[in-house]
2 protein chains.
Amino acid sequence: MSQNTFHRLGDLQLRLMQSLWARGEASVAEVHATLPDDANLAYTTVATMLRKMEARGLVRHRVEGRTFIYSAAVAEEQVSGGMAEHVLDRLFGGSVEALVSHLLTRREVSRDELARLRKLIAERSHSS
Amino acid sequence: MSQNTFHRLGDLQLRLMQSLWARGEASVAEVHATLPDDANLAYTTVATMLRKMEARGLVRHRVEGRTFIYSAAVAEEQVSGGMAEHVLDRLFGGSVEALVSHLLTRREVSRDELARLRKLIAERSHSS
DNA sequence: GACAGAATACTACCACGGTAGTACTACTGC
DNA sequence: GCAGTAGTACTACCGTGGTAGTATTCTGTC
């Protein structure tokens, strides 16, 4: 089971991970560049964070000349899934229905999205 | 909009909140007693945490004799909703469909639950 | 009125996310 | 060969969740 430990990622770590998931590999400079301008984070902040994340096993790096090329060491599905499950279990008693009900109530959900959701669930229903 | 700030609650805080949501009001001793035995937390840990949480506006207390009777200061919907939305936005780009798809793939979802989900979405579809 | 027990208050500590400055090092261009 | 530049390494700091010990205070009881 592995007791997924990925539900504690903060927002910055998440953004860095997403940058790596999207690009596959990236240097510190490249990751830094992908952050929105209004983030306004120092280069060294990103570098430090990536080093901390490597110590935690979230990313890894290879060396190219003098620069570190980072890549994600965990799959996006693991992290998103882990965090989603955590919320699901902790707050909704594991009930997907309760979670979805909440989201549909709180948010504007387009007719299109509802249709896709319906389709998605119909498919699951058959294939089980 | 309110930029919900409730997505940072740790696991213990969540458990204490749930205890209060369930009971309405509770003394420190009562909250402490509702924790699972294997948690094995000191009484003072719970007391300290509740005081910290009160400073953050999550709970409040009234005094009865010498004991503090705590109650939640934020609604369960605010917190669950806030955390669910946070995950939804941060990890699934706001797409309910993507989140649900993930959950359905990773978890065993009973036929019953699927049926309820179908119904839930059908209702939303009409009422919009 | 002293004492035991129960309650809160205070304080301290660790881990970690986040932020960044400073120091060191290696390369590059002149 | 030297200066600038672009890297990483090291270190420090804050906030907050989590954990708990110790101190203080109150209250009921003999």
Side-chain angles (χ1 to χ4, degrees), chain A residues 4-19 25-33 35-71 74 79 82-83 86-87 90-91, chain B residues 4-19 25-33 35-71 74 79 82-83 86-87 90-91:
Chain A
N4 204 323
T5 176
F6 302 135
H7 57 83
R8 289 220 151 280
L9 297 206
D11 283 356
L12 177 56
Q13 299 195 23
L14 225 38
R15 262 180 289 168
L16 302 188
M17 289 308 293
Q18 276 159 352
S19 185
E25 290 191 323
S27 67
V28 177
E30 283 164 344
V31 171
H32 184 240
L35 296 176
D37 297 341
D38 63 334
N40 220 37
L41 288 176
Y43 180 94
T44 52
T45 299
V46 177
T48 303
M49 210 61 219
L50 284 171
R51 232 169 330 101
K52 284 188 177 183
M53 287 162 75
E54 182 156 35
R56 267 193 66 192
L58 292 168
V59 304
R60 61 173 97 81
H61 80 275
R62 65 185 177 81
V63 180
E64 187 165 288
R66 299 209 306 119
T67 75
F68 284 14
I69 311 288
Y70 282 95
S71 56
V74 295
V79 174
M83 290 181 77
H86 186 249
V87 166
R90 288 278 162 185
L91 286 130
Chain B
N4 203 321
T5 175
F6 301 135
H7 57 83
R8 289 220 151 279
L9 296 207
D11 283 355
L12 177 56
Q13 300 195 23
L14 225 38
R15 261 180 290 168
L16 302 188
M17 290 307 292
Q18 275 159 351
S19 184
E25 289 190 324
S27 66
V28 176
E30 283 164 344
V31 172
H32 184 239
L35 295 175
D37 297 341
D38 62 335
N40 220 35
L41 288 175
Y43 180 94
T44 52
T45 300
V46 176
T48 303
M49 210 61 220
L50 284 170
R51 231 168 331 102
K52 282 188 178 184
M53 287 162 74
E54 182 156 35
R56 265 194 66 192
L58 292 167
V59 304
R60 61 173 96 81
H61 80 275
R62 63 184 180 82
V63 179
E64 186 166 290
R66 299 211 305 118
T67 73
F68 284 14
I69 312 286
Y70 282 95
S71 55
V74 295
V79 174
M83 290 182 77
H86 186 249
V87 166
R90 288 279 161 183
L91 286 131

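Numbers restart at 1 for each chain; the letters A, B, ... are given by sequence-line order, proteins then strands. Every value quoted in this text rests on a predicted model; they were computed, and no experiment measured them.
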Hey, does the side chain of R56(A) come within less than 4.0 Å of dC16(C)'s phosphate (OP1/OP2), counting only N and O?
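Answer is no, no contact under 4.0 Å.
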Check this one for me: any side-chain N or O of Y43(B) less than 4.0 Å away from OP1 or OP2 of dA6(C)?
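Looking at the OP1 and OP2 atoms of dA6(C), neither is under 4.0 Å from any side-chain N or O of Y43(B).
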Between [X] and [Y], which heavy-atom pair has the shortest distance, and what is it?
{"X": "G10(A)", "Y": "R8(B)", "answer": "CA-NH2, 4.1 Å"}
{"X": "R15(A)", "Y": "A39(A)", "answer": "NH1-CB, 4.0 Å"}
{"X": "M83(B)", "Y": "L9(B)", "answer": "CE-O, 4.1 Å"}

Need to verify one output field. Residue with the more 5' nearest nucleotide on DNA chain C, T44(A) or L14(A)?
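Final value for this comparison: L14(A).
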Send over the distance from [X] [atom1] to [N] [atom2], rounded to a whole Å.
{"X": "H7(B)", "N": "dG17(C)", "atom1": "NE2", "atom2": "P", "result": "15 Å"}
{"X": "E64(B)", "N": "dA7(C)", "atom1": "CD", "atom2": "P", "result": "12 Å"}
{"X": "M17(A)", "N": "dG18(C)", "atom1": "CE", "atom2": "P", "result": "13 Å"}
{"X": "R15(A)", "N": "dG17(C)", "atom1": "CZ", "atom2": "C1'", "result": "12 Å"}
{"X": "Y70(B)", "N": "dA7(C)", "atom1": "OH", "atom2": "P", "result": "13 Å"}
{"X": "L12(A)", "N": "dG17(C)", "atom1": "CG", "atom2": "P", "result": "11 Å"}
{"X": "M53(A)", "N": "dT19(C)", "atom1": "CE", "atom2": "P", "result": "13 Å"}
{"X": "F6(A)", "N": "dG17(C)", "atom1": "CZ", "atom2": "C1'", "result": "17 Å"}

Check: [Y] and [X] side chains under 4.5 Å, non-hydrogen atoms:
{"X": "D11(B)", "Y": "H7(A)", "answer": "yes"}
{"X": "E54(B)", "Y": "Y70(B)", "answer": "yes"}
{"X": "V74(A)", "Y": "M17(A)", "answer": "yes"}

Just call it for [X]: base, sugar-phosphate, or nothing, with non-hydrogen atoms closer than 4.0 Å on any strand.
{"X": "L9(B)", "answer": "nothing"}
{"X": "S27(B)", "answer": "nothing"}
{"X": "T67(A)", "answer": "sugar-phosphate"}
{"X": "A47(A)", "answer": "nothing"}

What are the bounds, 5' to 3', of the part of DNA chain D that sits under 4.0 Å from heavy atoms of chain B?
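The footprint of chain B covers dG17(D) to dT27(D).
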Pairwise distance CG(L41(B)) to CE(M49(B)) - rounded to 0.5 angstrom:
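Rounded to the nearest 0.5 Å, the CG-CE separation comes out at 10.5 Å.
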Is there a side-chain contact (heavy atoms from CB on, under 4.5 Å) between T45(B) and H32(B)? Walk through the geometry before answering.
CA-CA 9 Å; T45(B) 300; H32(B) 184 239; over 6 Å; no
Sequence-aligned protein contact record of nucleotides 25-30 of chain C, with B where the base is within under 4.0 Å of a protein heavy atom and S where only the sugar-phosphate is:
BBS---
Mark yes or no for whether Q13(B), through its side chain, and L58(B), through its backbone, hold a donor-acceptor pair below 3.5 Å.
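Judged by distance alone, no pair lies under 3.5 Å.
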Toward the 5' end of DNA chain D, which comes first, R8(A) or T48(A), by nearest nucleotide?
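Taking each residue's closest nucleotide, the earlier one in sequence belongs to T48(A).
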Test: R62(B) and E64(B) ion pair at under 4.0 Å
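Yes, charged N to carboxylate O under 4.0 Å.
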